[in-house]
Amino acid sequence: MRLLSTLETLAADAIRAAHGVDAPAGVRPTTTPEHGDYQVNGALPLAKKLAQRPRELATPIAERLAAAPAFSTAEVAGPGFVNLRLAPAWLAERLLEDARDRARDGIPTAAPVERVVVDFSSPNIAKEMHVGHLRSTIIGDAMVRILRAVGHEVIGDNHLGDWGTQYGLLIVGMREVGSEEALAQDAIAELERVYRYAAERAKTDSTFADAARAELARLQAGAPENRALWERFVAATRRSLEAIYARLGVTFDEWLGESAYHELLPGVVSELLARGIAREDDGALCVFFEDDPELSKVETPFIVRKKDGAFLYSTTDIATILYRRDRFHADRSVYVVDQRQSLHFRQLFAVARKLGVEMKLEHLGFGTVMGPDGKPLKTREGRAVTLASLLDEAEERARARIREEGLDVPEAELDAVARAVGIGAVRYADLRQNRLSDYQFDWDKMISFKGNAGPYLQYARARIGAIFSKGGVEPSALELDAPLVLEAREELGLAKQLLTFGDAVHAAAEGYPHLVADHLYALAREFSSFYEACPVLKSAGATRDTRLVLCDLTARQLERGLGLLGIATIARM
Ligand code: ARG
C-alpha cells in the first residue's frame, strides 16, 4: 500500500473536518521515534495563513486523528506538530491486505492511466556504446518497468542516432579502408575504426572531405547505392547493440531512430515558418524565445535548418514529438538523456508549446560516471570504456567474489549466478544514485555482499528463501485469513517499511528510480534487525504465522523491487 500517502489523506481529512479548509497535512516520519511514528506539520503554515495560534489549531486536528482506527495516539507537541503513533492492529490489517495481493504485492494502480513514451539508450551508430549510454539504458529501462508497474501504458523507444554527418565519412572511408569481414564480425568496432580514419583524414585532405559531403548529400537524396550501404551499417550496428541489450535484459517496443523522421522534416520547418515560430537569421532558420523569461537570456537560438539547408538533431526532435502525439497518442514523453543536453530539451519543449503540443514533456537528465581518479571514466589508453568490456569485467569480478565469500553456488550454476550478480551490481550502482549526481565507479563497493549494493540485496532475498526451505514451509501456502499480531518493535518497524513500498514505486514513477533502491535497502536493513531479534521458525502460534508473513512479503518486495530495477534474483546462494 501507500502508507505515507494514506496518512497524508487521513490527516488532510482531519484538517478539513476541524477547520473547513483544504490544506496539505505535511505528514513526515518523526525524527524522534520515542515521540511517535509520524508527525503532521501542516498546522504551522496553516496557522500563519489564518493568523491563528498553531497549537490551538492543532488541538482539534489531533483529537480527530486520535479517534481514527489508524492511530493509537495523536498528540500535539512542540510549537504545533501532531505526533502520531500507528495502531498495531490497523497496521496488521493493512499488512494482510498487501500479503494477499499476490498480483501486485501492494503497488496500487495509478489513476488516470497514461500512455507514456520513454526515449532511452539512443546511441549513435558507428560509435561504440560507452558508459554514458549505459546510464541512459539502465535508468530508462528501470523507468519503463516502474511506469508499467504502476499501471501506465508504456512505449520504450530507442531513438538511435542513425542519420547524421558521419555517414558521408563512413561511406568514403569504407571504400578505402573498410573490411567486409570485420563488419560482419563486430560491426561497431569496424565502423568506429573506419570513422576514426575518415574523420582524421578529412581534417587535412579537402578532396576527401568534399567527397564525404557529396556522398552524404547523395544518401539524403536517396541514391540507392548509398542507401544500401547505410542500411547495412544500421543493420550491423543493430545486431551488435542487441547483443549488449540481451546481456543487460533490456528490450524496446520501438526502434525509431532519427532516420525514421527524415521525410517529415521539410514539413515541420514549413509549419514553423508559416506560424511565425521560426525565422531566418544569417541564412539559418531559428526559433528565438523572446517571450520566455529564462530562455530569452540564452544566447544560442534553436536552429532548425542550417545555412546549407541541412536539418539537425533539433529538427528531428520536433518531428518526433509530433509523431508521438499523432501516432502514439502519448500523454507523456520522457527523455532519459545526459544532463549536458538540458538546454536542448528546454528549448525543444518550448518549441513544442508554441506548436500547441499539450503532451507532458520531461527531460530526465543524469550525471557523469567517474573513474577512480575522479575524472570521467576512461580506459588506460584514454579512450571511452566500452560497455561490452565493462560487462565482461563485472561478470569476472562477481565470479571471483562469489568464490571468496564461499557462497553456496553449485559449479553448474556459477556462470548464471555470476552474470546475475555482476550485471545486477552494475545496474544497482547506477540506480541507487540520484540520477543527477555524478558517481564514482568503484568495483569493490559495487560488487559487495554487505552495504548498499546489488549483491547484498540479492543475497538478502536468497536468505529468506532459505528460511522457508529450512522450515519446510511453502510461501504460497501461507494462511492469510487469521489476523496477524504485531508486537515486537522490530516487527512493527518492518511492517511500516513494507507498507511504504507503494509510496516508493509511485514516487519513482515521477522520474526517480533511486527511490525504489532506497526502499529496498532500508527494507533489507529492517529485515536484518527483525531477524536478529525475532526467531521465526522457532516461534509458535500467531507469532510464527505473523513472522512468516513478514518474511514472505519482504522476499516478494525484494524480488519485485529488484525486478523493477532490472536486477535478477537468485533462488539460492
Ligand atoms: N543520440 C543522442 C546522443 O547519443 C541521444 C538521443 C536522445 N533522444 C532524443 N530524442 N534526443 O547524444
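Remember, it's 1-based here, ligands and their atoms both numbered in the order they're listed. As the structure is a computational prediction, the values presented were derived from the model and not from experiment.
Atom numbering of ligand 1 starts at 1 in the shown order; those under 4.0 Å from a heavy atom of His159 are 8 (N), 9 (C), 10 (N). Remark: ligand 1 atoms within the under-4.0 Å shell around heavy atoms of Asp119 are 7 (C), 8 (N), 9 (C), 10 (N). Listed by number with element, the atoms of ligand 1 under 4.0 Å from a non-hydrogen atom of Asn124 are 1 (N), 2 (C), 3 (C), 4 (O).
Of the options Ser122, Gly140, Ser121, the smallest heavy-atom separation from atom 2 (C) of ligand 1 is shown by Ser122.
Side chain to side chain, Asp317 and Tyr261 fail the donor-acceptor criterion of an N or O pair below 3.5 Å. Side chains of Tyr197 and Arg201: a donor on one and an acceptor on the other come within 3.5 Å. When only modelled atom types and interatomic distance are considered, Gln341 and Tyr313 share a side-chain donor-acceptor pair under 3.5 Å. Between the side chains of Tyr167 and Asp162, no donor-acceptor pair is found at a separation under 3.5 Å.
No N or O atom of Tyr335 sits closer than 3.5 Å to an N or O atom of ligand 1. Any N or O atom pair closer than 3.5 Å counts here, and Glu258 shares no such pair with ligand 1. For Tyr313, a nitrogen or oxygen atom sits less than 3.5 Å from a nitrogen or oxygen atom of ligand 1, counting backbone and side chain alike.
Using the six-membered ring where Trp is involved, Tyr512 and His514 have ring planes that are perpendicular, over 60° apart on the 30 and 60° scheme. Using the six-membered ring where Trp is involved, Tyr323 and Phe328 have ring planes that are perpendicular, over 60° apart on the 30 and 60° scheme. A perpendicular orientation is assigned to the rings of Tyr456 and Tyr521, their planes being inclined by more than 60° (bins at 30° and 60°).
In this structure, atom 4 (O) of ligand 1 lies nearest to the protein heavy atom His133 NE2, 3.1 Å. The closest protein non-hydrogen atom to atom 12 (O) of ligand 1 is Gln341 NE2, 2.9 Å.
Residue Thr320 places no heavy atom under 4.0 Å from ligand 1.
In Phe345, the part holding a heavy atom less than 4.0 Å from any atom of ligand 1 is the side chain.
Taking the ring centroids of Phe366 and Tyr439, they lie at or beyond the 6.0 Å cut-off.
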